[in-house]
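Report on one structure; see the data block that follows.
What's counted below: heavy atoms across the whole structure, side chains too, no hydrogens, waters or symmetry copies.
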Amino acid sequence: YLKYYSAIKATNPDAQVGVILCIASWDKAVMNIIKDKLDFAVIHLYPGSEISQNKILRSPAKEIFQQILEVSVPDSEDYLNQAQTLLKETTGRDIPIAVTEYNAGLTSDHPVPFRHALGTALVNAELLRVFMKPEHHILMANYWQFSNSFWGMVYTNGDFMQHGYAEKLNYIKRPNYYVYELYARHFGGTLLNAVSEGRSLSVNASKDKAENKIYLAVLNKDMEQDVECTVNLNDFSPTGEVVAYILSGKNIDSLDADVKETAYEIEGNSFIFTFPRHSLVFLEIKGKKL
């Protein structure tokens, strides 16, 4: 690595060179050798890969996804924090992290391909919330993988390798797809501080450039219960309309999901909303900054 680093920098000092991190023992050993000779770090995150196939076959799907959402994803965030601490201590500066692969680490096709299920879509939504936290210094995060093959969030029928790509292809959307569509269409460009009380709900919040729209992305991790919650909007006056986009499915291991759109009328900057069990809800709230 150091030979490549020196050769690349000698050719182009502005070139960015990254080092691969993996687990704490490896990271410490590598950083003790290379010191500050890096521009970014590279990691892969697959929460749930630690769950044995035997447990996956013998446990209810809701138990598997509950464990990933409540244990595995927080463990992944702890690892990001540990990596950042090590990088800062070793280099004396903040080092960005490129998450060049991430997904739920469920690779078996039995009892169903969980990697394509609603539960994995919720796991990826929770990972996105973690990646967006400024303190993690995430340079980029690359969902693995977009189309067809083993992990594709969209796929085509038949042998996709034999398609003539000059012809239009009809893609079938898996639940993972809708997480990214919702973020693309119903989330703003500036993050806001948001706090969720209780264990079941996690929230990501933003506003648009004109500051006349607030967006909330709320994940209900409860596998059994809908959660009624009071939403308080500080320093923002809604016009009275809230549009909800709800990603859900019949069961947590459903391979089909859809997004339902519903409009609500509210009064004031505090309102009650019921978040369905094992769902991802985007709330789009029009108004103005106070």
Side-chain angles (χ1 to χ4, degrees), residues 44-49 61-62 64-66 68-70 72-74 76-77 80 99-107 112-133 136 138 140-155 171-189 191-192 194 196 200-206 215-223 227 243-262 273 275-284:
H44 293 174
L45 287 177
Y46 286 93
S49 59
K62 60 185 178 182
I64 299 298
F65 285 110
Q66 195 89 55
I68 297 175
L69 286 166
E70 294 191 352
S72 302
V73 172
S76 295
E77 185 167 14
L80 287 175
V99 184
T100 55
E101 288 185 26
Y102 74 89
N103 209 319
L106 302 172
T107 58
V112 298
F114 283 154
R115 64 187 178 279
H116 299 313
L118 172 64
T120 291
L122 302 186
V123 171
N124 282 312
E126 187 70 346
L127 285 172
L128 285 178
R129 183 186 67 82
V130 171
F131 295 155
M132 289 186 195
K133 290 185 176 182
H136 294 322
I138 302 300
M140 57 160 288
N142 183 40
Y143 172 92
W144 187 260
Q145 69 216 90
F146 296 118
S147 174
N148 286 312
S149 295
F150 190 72
W151 299 91
M153 68 169 73
V154 297
Y155 69 100
Y171 287 99
I172 299 169
K173 302 170 184 178
R174 289 172 166 141
N176 283 308
Y177 168 87
Y178 295 103
V179 174
Y180 299 90
E181 182 177 67
L182 285 167
Y183 262 108
R185 296 183 177 181
H186 307 294
F187 205 69
L191 289 174
L192 297 173
S196 175
S200 296
L201 302 181
S202 65
V203 59
N204 203 10
S206 67
Y215 305 88
L216 302 179
V218 182
L219 174 64
N220 182 1
K221 294 176 281 188
D222 196 306
M223 299 293 130
V227 176
V243 182
Y245 304 88
I246 304 172
L247 171 61
S248 62
K250 183 177 180 181
N251 299 304
I252 193 67
D253 59 351
S254 295
L255 301 180
D256 295 313
D258 59 13
V259 175
K260 293 183 171 61
E261 177 183 343
T262 310
F273 190 90
F275 296 93
R277 65 191 180 107
H278 56 63
S279 70
L280 176 65
V281 178
F282 278 67
L283 298 178
E284 192 171 296

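- For the atom pair Asn148 CG and Tyr171 OH, the distance stands at 6.0 Å (nearest 0.5 Å).
- The aromatic rings of Phe273 and Phe275 are tilted relative to each other, their planes meeting at an angle between 30° and 60°.
- The closest donor-acceptor contact from the side chain of Ser279 to the backbone of Asn220 lies at 3.5 Å or more, if one exists at all.
- Sorted pairs that involve residues 141-152 and meet salt bridge (Lys or Arg N to Asp or Glu O under 4.0 Å), not counting sequence neighbours, are lacking altogether.
- A heavy-atom distance below 4.5 Å is not found between the side chains of Leu118 and Phe65.
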Practice item. Determine, step by step, whether Asn103 and Tyr46 satisfy the side-chain contact (heavy atoms from CB on, under 4.5 Å) criterion, reporting the C-alpha distance in whole Å, the side-chain angles of both residues, the deciding distance to 0.1 Å, and the verdict. Key: CA-CA 5 Å; Asn103 209 319; Tyr46 286 93; 3.7 Å; yes

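- Side-chain contact between Leu128 and Asn124 is absent, with no heavy atoms from C-beta onward closer than 4.5 Å.
- Looking at heavy atoms from C-beta onward, Lys62 lies out of side-chain contact with His278 at the 4.5 angstrom threshold.
- Taking every heavy atom of both residues into account, Leu106 and Gly48 meet most closely at CD2-O, 4.0 Å.
- Shortest non-hydrogen contact noted between Ser76 and Pro47 is OG-CB, 3.7 Å.
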**Study point:** side-chain contact (heavy atoms from CB on, under 4.5 Å) between Val179 and Leu280, worked out
**Key:** CA-CA 8 Å; Val179 174; Leu280 176 65; 4.1 Å; yes

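- Between Leu192 and Tyr215, the closest side-chain pair of non-hydrogen atoms is not below 4.5 Å.
- The OH atom of Tyr178 lies 10.5 Å from the CZ atom of Arg185; values are rounded to the nearest 0.5 Å.
- Of all non-hydrogen atoms in Asp222 and Gln66, the two that sit nearest each other are CA-NE2, 4.5 Å.
- The two residues Ala141 and Phe131 have their closest heavy-atom pair at CB-CD1, 3.5 Å.
- Annotation: side chain of Ile138 is in contact with side chain of Leu80 (closest heavy-atom distance under 4.5 Å).
- If you take CG on Leu45 and CD on Glu77, they are separated by 10.5 Å, rounding to the nearest 0.5 Å.
- Taken from OG in Ser200 to CG in Leu69, the straight-line distance is 11.0 Å, to the nearest 0.5 Å.
- The heavy-atom pair separating Arg115 from Asn176 by the smallest distance is O-ND2, 3.1 Å.
- The minimum heavy-atom distance between Val281 and Leu283, with the atom names listed, is CG1-CD2, 3.8 Å.
- Separation of atoms CD (Glu101) and CD (Gln145) is listed at 8.5 Å; rounding is to 0.5 Å.
- Taking the side chain as every heavy atom from C-beta outward, Leu191 and Met132 approach each other to under 4.5 Å.
- To the nearest 0.5 Å, atoms CG (Leu182) and CD (Glu284) are separated by 10.5 Å.
- Every residue meeting the ring-ring contact (aromatic ring centres under 6.0 Å, His included) condition with Tyr183, not counting sequence neighbours, appears here in chain and number order: Phe187, Phe282.
- At least one side-chain heavy atom of Tyr143 sits under 4.5 Å from a side-chain heavy atom of Tyr102.
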Report, one line per pair, each donor and acceptor closer than 3.5 Å where one atom sits in a side chain of residues 243-256; sequence neighbours left out.
from	atom 1	to	atom 2	distance (Å)
Ser254	OG	Asn251	N	2.8
Ser254	OG	Asn251	O	2.9

